[in-house]
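No experiment lies behind these values; they were computed from the predicted model shown. In what follows, every heavy atom counts, from backbone to side chain, and hydrogens, waters and symmetry copies are set aside.
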2 protein chains.
Amino acid sequence: MKKEDNPFSVAEAEESPGFLLWQVTSLWQREIRKALEKYDLTHSQFVLLASTMWLTRQNEPVTQILLSAHSKIDPMTTSTVLRTLQAKGLLERREHATDTRAKTVALTANGEKITRQAIKVVEQFDADFFAPLGNKISEFNKKLRLLLQQ
Amino acid sequence: MKKEDNPFSVAEAEESPGFLLWQVTSLWQREIRKALEKYDLTHSQFVLLASTMWLTRQNEPVTQILLSAHSKIDPMTTSTVLRTLQAKGLLERREHATDTRAKTVALTANGEKITRQAIKVVEQFDADFFAPLGNKISEFNKKLRLLLQQ
DNA sequence: CAAATATAATAAGTATACTTATAATAATAA
DNA sequence: TTATTATTATAAGTATACTTATTATATTTG
């Protein structure tokens, strides 16, 4: 292969933000999965449980579509995962009071208990995972928020 | 729910690097998937094709385990996805010259052609996606590398 | 009000992404 | 050289994560 035919725009794979993001996320998700294993929760399940708790505390009407928007998990996956969590007895899905198309999601007592424990574990894990950034974490957060807002 | 019982350590979900990383990655992967649709490639397939091309250019012996390590895709998924790519005629998996346990992966002519086109599209997509960071991209890359090195 | 459009949820199907377990071989140590 | 350990790849099974299509209901518009 001829050198002048290089299809890559960067000299090192380590200079591509896309490839770096791919690698970091792969590792992060893999480690989180291990941390959640003891609660028999997948990462997506945890995100939806924590989001349900979060939105409930904001006094939002917790519909599936709102959970999907908040968690950035697509609506179909949200539906599937929530049913799994319902089967596990961690949350309930009732008919919405005013919108009969929608369902209202709420944690059960056990769901609340497990979610609280899992949040602690994940927050500690994240603290460790992002520790190499030191006091640059807020800068990192700011950059991520920039990417979300486009 | 009592306020003093707040299980979250941050006042806003937007202050949690973990949740932000989850959201950014979800959006990024979803958009990349759309960009790769016209080549009938998933994101993982693209990463493995580009990694094969990259490692080939580095004159590395491109085994599945090396591809797995480079791409951060676990070995089993690497095996499955590579077989899909082989069925599509985009790459070949031959017996390794010296290690009969291993397989040597190489792009076909068509695989090379499609990979080159897809790299262009993904690099352009990433340029757009990370554009809000402006000249802070190298700082962002540096932070991601810190997280990889731990 | 009736028709058109939008929204909320899900069925079915495909492709990861992971787990544990296993086969086959390579590399190393006694 | 033989036994132990490590490496490379894959089988089988589970849970996302997505797509397109559909159902049911809300909302908007003429």
Side-chain angles (χ1 to χ4, degrees), chain A residues 22-23 25-49 60-88 90 93-105, chain B residues 22-23 25-49 60-88 90 93-105:
Chain A
W22 167 275
Q23 290 179 304
T25 308
S26 297
L27 291 179
W28 177 68
Q29 298 222 18
R30 199 168 300 161
E31 295 302 315
I32 288 249
R33 185 174 292 113
K34 283 182 200 162
L36 286 171
E37 229 166 33
K38 67 167 84 77
Y39 300 107
D40 193 29
L41 293 176
T42 66
H43 197 175
S44 296
Q45 288 171 10
F46 166 76
V47 169
L48 284 173
L49 286 174
E60 301 261 12
V62 188
T63 59
Q64 297 193 175
I65 200 70
L66 180 65
L67 278 169
S68 170
H70 183 255
S71 66
K72 302 287 187 292
I73 298 173
D74 84 305
M76 184 63 231
T77 306
T78 300
S79 172
T80 307
V81 175
L82 287 177
R83 222 173 323 176
T84 301
L85 291 170
Q86 183 178 34
K88 285 183 174 183
L90 299 181
R93 298 187 304 155
R94 303 196 190 122
E95 299 305 313
H96 191 279
T98 57
D99 189 337
T100 61
R101 296 168 307 180
K103 292 197 170 156
T104 299
V105 179
Chain B
W22 167 275
Q23 290 179 305
T25 311
S26 297
L27 290 180
W28 177 68
Q29 296 220 22
R30 198 167 301 160
E31 296 301 314
I32 288 249
R33 185 174 293 111
K34 284 182 199 164
L36 285 170
E37 230 168 32
K38 66 167 85 77
Y39 299 108
D40 192 29
L41 293 177
T42 67
H43 198 172
S44 297
Q45 288 171 9
F46 167 74
V47 168
L48 284 172
L49 286 173
E60 303 263 9
V62 189
T63 61
Q64 297 192 174
I65 200 70
L66 180 64
L67 277 170
S68 171
H70 182 257
S71 66
K72 304 285 188 291
I73 297 174
D74 85 306
M76 185 62 231
T77 305
T78 300
S79 172
T80 307
V81 175
L82 287 177
R83 221 175 321 174
T84 301
L85 290 170
Q86 183 178 35
K88 285 183 175 184
L90 298 182
R93 297 186 305 153
R94 305 197 188 120
E95 299 305 313
H96 191 278
T98 57
D99 188 337
T100 61
R101 297 168 306 177
K103 293 197 168 158
T104 298
V105 178

Which is true for [X] with a 4.0 Å heavy-atom rule: it touches a base, it touches only sugar-phosphate, or it touches nothing?
X: Thr80(B); answer: nothing
X: Ser68(A); answer: nothing
X: Asp74(A); answer: base
X: Gln29(B); answer: nothing

May I ask which nucleotide in the shown strands pairs with dA30(C), Watson-Crick or G-U wobble, both distances under 3.5 Å?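 dA30(C) is paired, partner dT1(D).
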Salt bridge check, Glu37(B) against Lys34(B): does any charged N sit closer than 4.0 Å to a carboxylate O?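 No salt bridge links Lys34(B) with Glu37(B).
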Assess whether side chain to side chain contact (heavy atoms under 4.5 Å, CB included) is satisfied between Leu41(B) and Leu90(B), documenting all intermediate values. CA-CA 11 Å; Leu41(B) 293 177; Leu90(B) 298 182; 3.9 Å; yes
Of the options [options], whose atoms approach the side-chain atoms of [X] most closely?
X: Thr100(B); options: dA26(C), dA9(C), dT16(C); value: dA26(C)
X: Thr84(A); options: dT16(D), dT16(C), dA9(D); value: dT16(D)
X: Lys103(B); options: dT8(D), dT10(D), dT19(D); value: dT10(D)
X: Val81(B); options: dT16(C), dT16(D), dT8(D); value: dT16(C)

Distance in angstrom units between [X] [atom1] and [N] [atom2], rounded:
X: Leu36(B); N: dA15(C); atom1: CG; atom2: P; result: 15 Å
X: Arg83(B); N: dT8(D); atom1: CZ; atom2: P; result: 18 Å
X: His43(B); N: dT16(D); atom1: NE2; atom2: C1'; result: 17 Å
X: Leu82(B); N: dA9(D); atom1: CG; atom2: P; result: 9 Å
X: Met76(A); N: dT22(D); atom1: CE; atom2: C1'; result: 12 Å
X: Glu37(B); N: dT19(D); atom1: CD; atom2: C1'; result: 8 Å
X: Arg101(A); N: dA6(C); atom1: CZ; atom2: C1'; result: 8 Å
X: Lys88(B); N: dT16(C); atom1: NZ; atom2: P; result: 7 Å

Does [X] make a side-chain N or O approach to OP1 or OP2 of [N] shorter than 4.0 Å?
X: Gln64(A); N: dT10(C); value: yes
X: Thr63(A); N: dA8(C); value: no
X: Gln45(A); N: dA15(D); value: no
X: Thr42(A); N: dA15(D); value: no

Most 5' of Arg30(A) and Ile65(A) on DNA chain C, judged by nearest nucleotide: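 That would be Ile65(A).
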Taking the nucleotide of DNA chain C with the nearest heavy atom to each, does Arg33(A) or Thr77(A) sit closer to the 5' end?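 Its nearest nucleotide lies further toward 5', so the answer is Thr77(A).
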What one should report as the nearest heavy-atom pair of Lys72(A) and Ser26(B) is O-CB, 3.7 Å
Among Thr104(B), Leu48(B), Leu82(B), which residue satisfies the side chain to side chain contact (heavy atoms under 4.5 Å, CB included) criterion with Gln64(B)? Leu82(B)
Judged by nearest nucleotide, the residue sitting upstream toward the 5' end of DNA chain D, Ile73(A) or Asp99(A), is Ile73(A)
Mapping Leu66(B) and Thr98(A) onto DNA chain D by nearest heavy atom, which one lands closer to the 5' end?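 Checking each residue's closest nucleotide, the 5'-ward one belongs to Leu66(B).
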What's the separation between atom CZ in Arg94(B) and atom NZ in Lys103(B), rounded to the nearest 0.5 Å?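 Reported value, rounded in 0.5 Å steps: 13.0 Å.
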What's the separation between atom OG1 in Thr78(B) and atom NE2 in His70(B), rounded to the nearest 0.5 Å? 12.0 Å
